[in-house]
Amino acid sequence: MVFKRLLGSLGVGGPTVDTVLDPGAVLPGGHLSGQAHLKGGDADFTIEHITLELVARVEAEHDGGESEGAVVFDRFTVGGSFRLAAGELHSVPFSVMLPWETPISELYGQGLGIVLGVRTELAVAGAKDKGDLDQLAVRPLPAQEAILEALGQLGFGFKSADLELGRIGGTGQQLPFYQEIELTPAPQYAHQVNEIEVTFLAGPAGMEVVLEADKRGGLFSGGHDAVSRFTVSHHGVEQINWSAEVDGWIRQMIEHRASYGGHGSYGHGEPHHGGHYGHGDPYATHGTHPHKDEHSHGGHHHGDGHGHRSGPGMGTAIAAGAAGLAVGVVGGMVAAEVVDEVGDFFEGDDEEEGGGED
């Protein structure tokens, strides 16, 4: 669905833009293609530039609680410097590469409640207006899908997903926010953890996987969070027994006694760009992750490398186990209304941003 709006800064009679994305969900690090369709106004105009903005609804925690806002996480100029005659129809095709850390918004066609959009900015005669907004659908990379599938096979269930403003210390994170996919614990871990959170930080050479467990307290001790970081390669995904691999990650994380800490927030300092990606050892545990001032120490863990995935996985968990998604409810909104909410949310943000533009 397209959200088309008259260029308010130019008033009635100005040119309009209607951006249409190619159908289908795209991959993080993949190409987003489409066309920007322009229609001339009542007079001739010079189109200075056509810019696409990738925007996301992001949550921010602060002393006053929690709030939401729109974050622009990439911009692409796809055209400009041409004359658009009165009433003229003109289309500009484009193909741009999404950031590798672009959040996942759907899995097996089921929405996760993540709101992403592509906003088109048209600059005419020194005036700029964000005149078009389209919903952006992003599906997981093969390694991301394999890990989520393995978690489903192990008995974890989808709970929710959101985007958090901030940076995860000790990682190579590039975007100003990260995605958290919250899962209910598998039965074999229910006595040890309340929930598991998964964050993917992909890059061209591989991907960091950050796992956080909200560990239950004992009779004489309170609960605390345990965090571990792993890296995987984009290559050889089909040759890995992901159920065994991920189960090893979970066991290592929740059984490790060196992770302590209270409730806090992710570090907001500059990220450490020391992530290791390799093809010979595509999945390795790394030593520290200063989330909530904690440190998780671990060694290497290997599966047999030759297993095959079978049985119901996270796709089934999302479609059936997460009953809310099964009936189309994601994060308190009806799935059929997610597109409308994209428009409502970002258009409200446009007004705030508009006040700060020259």
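- Contacts of Arg75 classified as salt bridge (charged side-chain N to carboxylate O under 4.0 Å, His left out), with partners at least two apart in sequence or in another chain: Glu53, Glu121.
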Quiz item: Between Val209 and Trp249, does a side chain to side chain contact (heavy atoms under 4.5 Å, CB included) hold up when you go through it step by step?
Solution: CA-CA 10 Å; Val209 183; Trp249 293 353; 4.1 Å; yes
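- By the side-chain contact (heavy atoms from CB on, under 4.5 Å) test, Glu101 pairs with Gln173, Gln174, Leu175, Leu201, sequence neighbours left out.
- In this structure, the side-chain contact (heavy atoms from CB on, under 4.5 Å) partners of Glu88, at least two apart in sequence or on a different chain, are Leu84, Ala85, His90.
- Between Ala213 and Met253, the closest heavy-atom pair is CB-CE, 3.6 Å.
- In this structure, the side chain of Thr199 engages the main chain of Gln179 through a donor-acceptor pair within 3.5 Å.
- Separating the CD1 atom in Ile114 from the OG atom in Ser160 is a distance of 8.5 Å, to the nearest 0.5 Å.
- Taking CG of Asp214 as the reference point, atom CG of Asn194 lies at 4.5 Å (rounded to 0.5 Å).
- Under 3.5 Å, the side chains of Thr171 and Glu208 contain no donor-acceptor pair of N or O atoms.
- Ile47 is listed as a side-chain neighbour of Leu122, based on a closest heavy-atom distance under 4.5 Å.
- Taken from CZ in Phe156 to OG1 in Thr184, the straight-line distance is 8.5 Å, to the nearest 0.5 Å.
- The two residues Ser33 and Ser95 come nearest to each other via the heavy atoms OG-OG, 3.2 Å.
- Through direct or relayed side-chain contacts under 4.5 Å between Ile, Leu, Val, Met, Phe, Trp and Tyr, Trp100 connects to Leu27, Met97, Leu141.
- Taking 4.5 Å as the limit, every side-chain heavy atom of Phe158 sits out of range of all side-chain heavy atoms of Leu107.
- How far CD1 of Ile104 is from CD of Glu145: 9.0 Å, rounded to the nearest 0.5 Å.
- Under 3.5 Å, the side chains of Ser233 and His235 contain no donor-acceptor pair of N or O atoms.
- Residues passing the side-chain contact (heavy atoms from CB on, under 4.5 Å) test with Thr46 are Arg83, sequence neighbours excluded.
- Listed here is the closest heavy atom pair of Val237 and Trp242: O-NE1, 2.9 Å.
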Practice problem: Step by step, work out the side chain to side chain contact (heavy atoms under 4.5 Å, CB included) result for Glu59 and Phe177. | Solution: CA-CA 9 Å; Glu59 297 179 359; Phe177 59 83; over 6 Å; no
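- Remark: Ala25 engages Glu106, Ala137, Arg139 in a side-chain contact (heavy atoms from CB on, under 4.5 Å) (not counting sequence neighbours).
- Side-chain atoms of Arg229 come within 3.5 Å of backbone N or O of Gly170 as a donor-acceptor pair.
- No side-chain donor-acceptor contact under 3.5 Å links Ser228 to the backbone of Leu211.
- Just one of Thr77, Thr19, Thr120 meets the side chain to side chain contact (heavy atoms under 4.5 Å, CB included) condition when paired with Ile50; it is Thr120.
- One finds the CD atom of Glu197 at 8.0 Å from the CD atom of Glu164 (value rounded to the nearest 0.5 Å).
- Between atom CG of residue Leu38 and atom CZ of residue Phe45 there is a gap of 12.0 Å, rounded to the nearest 0.5 Å.
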